[in-house]
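For reference, the structure discussed in these notes is given below.
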Amino acid sequence: MSKVILSAFVVLMIAGLVLMDVDSLFSGRGPASGPGMVLARVGGEPITAADLARAMGPALAQTGLTQQQAHAFGLSQTMLNNMVADRLAQRAARRVGITVPDAVVARVVAEQIRTAAPGMSEKAALEALLRHMGLTEAAFTDALRADIGVRLLGAALIAPQVNTPPEALVRGLYAHAHEARDIDLVPFRTAGAAEPGPPPEGALEALYAARKGTTFAVPERRALLLAEVNAPEEGGVEALVARADALDDAIVAGRALPDAAKDVPLALREIAPVDERGEGPGAEALDAALGPGAADILFTAFALTPGEASAVLELQDDKGTPRFVAVSVEEVIPRGSQPFAEVQDVLEAQWAEDARRATAEAEAQKALAALRAGEVTLEGVYRTRGNGAGAVKAIRGLERSSPALPLPLVPEAVPAVFAAPVGGYVLLDLPQGPAVAHVLDARLPTQEDIQGADLAPVRARLAEEMAAETLAMAIEAERARTSVQTYPGRLDALYAPEGR
């Protein structure tokens with residue numbers, strides 16, 4: 001069985017497991033030295049660098065990251081933490097006497113093999129898997145048995161009689177989410193504010209300095225070299241996968257993609273610089289070469305160092321046919337900013353818009369203070385606003401969890417409406433300018449209004465949260481009675497770049 005097919009098998013098995021430490025069943029290339037280095041001990045049982053390398057293998061294969069890059073992103077520490085938690089969960093399962101019969105382990109293996117390797121015999125697929133992982137069958141089944149035990153522990157902890165959410169809580173949360181309010185509001189639109197005069201001296205330069213790293217930023221761009229494995233005329237997918245494995249081996253051996261193309265039939269494509277979103281001079285060529293697969297390639301390419309080639313990534317064309325592509329970074333154009341002279345007109349427009357919004361906000365704050373003091377009504381505010389004011393907007397039956405909001409409301413403004421007291425006034429920050437709202441009424445759904453089907457999503461979410469908390473508490477209880485030692489500095493020793 002090829003490495004690529006086995007990687008898919010690994011992903012399928014991971015998807016059905018509770019904790020990420022089950023990744024440690026699978027192999028990956030470890031650091032150049034120190035595979036036996038102990039990174040943690042749980043109840044005296046070591047977790048070694050080799051264990052962590054096997055655990056990280058699937059994630060590295062999927063993303064194309066190196067182990068050093070994954071460590072820089074915090075992946076190695078997260079994976080180690082999950083491995084410790086998994087070991088604790090396994091100990092908890094053993095403590096309560098959970099056992100997993102051989103027949104259950106065999107059934108899980110058979111089900112996964114049938115899904116991942118159709119057409120292969122179970123024996124042949126298992127032998128290939130064990131060779132790929134570098135494990136004996138006994139070690140593999142022991143590890144799988146331990147993980148199934150953890151799942152059984154979780155099932156026992158989250159049994160319905162233990163984790164059924166109280167009905168009063170379910171109904172209360174539903175009622176809270178569906179509270180309805182009636183409001184009137186007057187918008188203070190930025191477009192209606194008085195036009196500002198010319199910007200004072202130095203104002204545009206100060207605005208440019210504040211925004212050149214965001215609004216006027218030019219992101220890092222990279223020139224890429226794509227290497228796609230050519231499909232052989234005979235042998236079908238198996239022959240294509242064999243070529244992909246050969247390219248992967250060449251990359252691991254340190255060969256550049258053009259050099260690897262001497263032995264592995266590849267289609268090499270140069271891509272002019274693009275940013276992480278695929279925008280730039282090479283955008284059209286990148287889309288033509290990869291289509292929807294461009295996002296995966298870009299994510300991988302921007303994690304590489306200049307001159308470095310990624311592992312082979314598996315993509316699919318629009319017909320579902322596998323494609324195997326590697327990428328290397330040929331040039332890096334650093335992040336920068338558009339020059340001031342090129343964006344001066346934009347700066348002037350932005351300064352004027354900011355000034356108009358500041359005027360509108362000052363007027364809205366003044367009106368809010370007068371309303372709260374009882375000096376004026378909302379209708380009075382509308383009348384005194386003159387041509388710059390919109391009509392008093394009446395919004396009725398606004399729900400806290402409403403997926404569709406009436407204009408001019410936006411989701412970010414809803415919490416302020418529901419935080420204000422009935423009869424009170426509140427300032428809302430809206431895209432077109434501030435608004436002052438008057439909360440007229442609030443209503444909760446009655447128990448008669450709530451149907452059983454309405455509560456199902458709330459009950460399911462609560463049960464899921466309670467189950468996760470229960471399993472976490474079981475793991476922490478086991479941690480309290482177990483000696484757990486970790487050695488954080490050793491991860492840096494293994495994976496941090498030299499010189500750090």
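Computed over heavy atoms, backbone and side chain alike; hydrogens, waters and symmetry mates excluded. Index from 1, following the sequence.
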Distance in Å, [X] [atom1] paired with [Y] [atom2], rounded so as to fall on 0.5 Å steps:
{"X": "Thr486", "Y": "Leu80", "atom1": "OG1", "atom2": "CG", "answer": "7.5 Å"}
{"X": "Arg481", "Y": "Arg95", "atom1": "CZ", "atom2": "CZ", "answer": "4.5 Å"}
{"X": "Leu225", "Y": "Ile271", "atom1": "CG", "atom2": "CD1", "answer": "8.5 Å"}
{"X": "Leu398", "Y": "Phe418", "atom1": "CG", "atom2": "CZ", "answer": "4.5 Å"}
{"X": "Arg459", "Y": "Leu173", "atom1": "CZ", "atom2": "CG", "answer": "11.5 Å"}
{"X": "Glu469", "Y": "Leu462", "atom1": "CD", "atom2": "CG", "answer": "9.5 Å"}

Contact summary for [X] and [Y], nearest pair of heavy atoms:
{"X": "Pro281", "Y": "Pro273", "value": "CD-O, 3.0 Å"}
{"X": "Ala309", "Y": "Ser328", "value": "CA-CB, 3.9 Å"}
{"X": "Leu298", "Y": "Glu276", "value": "CD1-O, 3.6 Å"}
{"X": "Pro306", "Y": "Val332", "value": "CG-CG2, 3.7 Å"}

*Run the salt-bridge test on Asp249 and Arg255 with the 4.0 Å N-O cut-off and return the result as yes or no.*
no

*Going by heavy atoms in the side chains, are Asp86 and Ile475 under 4.5 Å from each other?*
no

*Flag side-chain contact, heavy atom, 4.5 Å: Val484 against Arg87*: no

_Both conditions, 6.0 Å and 45 degrees, for the charged tip of Arg222 above the ring of Phe302: are they met here?_
yes

*asked:* Do Asn81 and Thr78 pair up side chain to side chain, a donor and an acceptor below 3.5 Å, judged on atom types alone?
replied: no

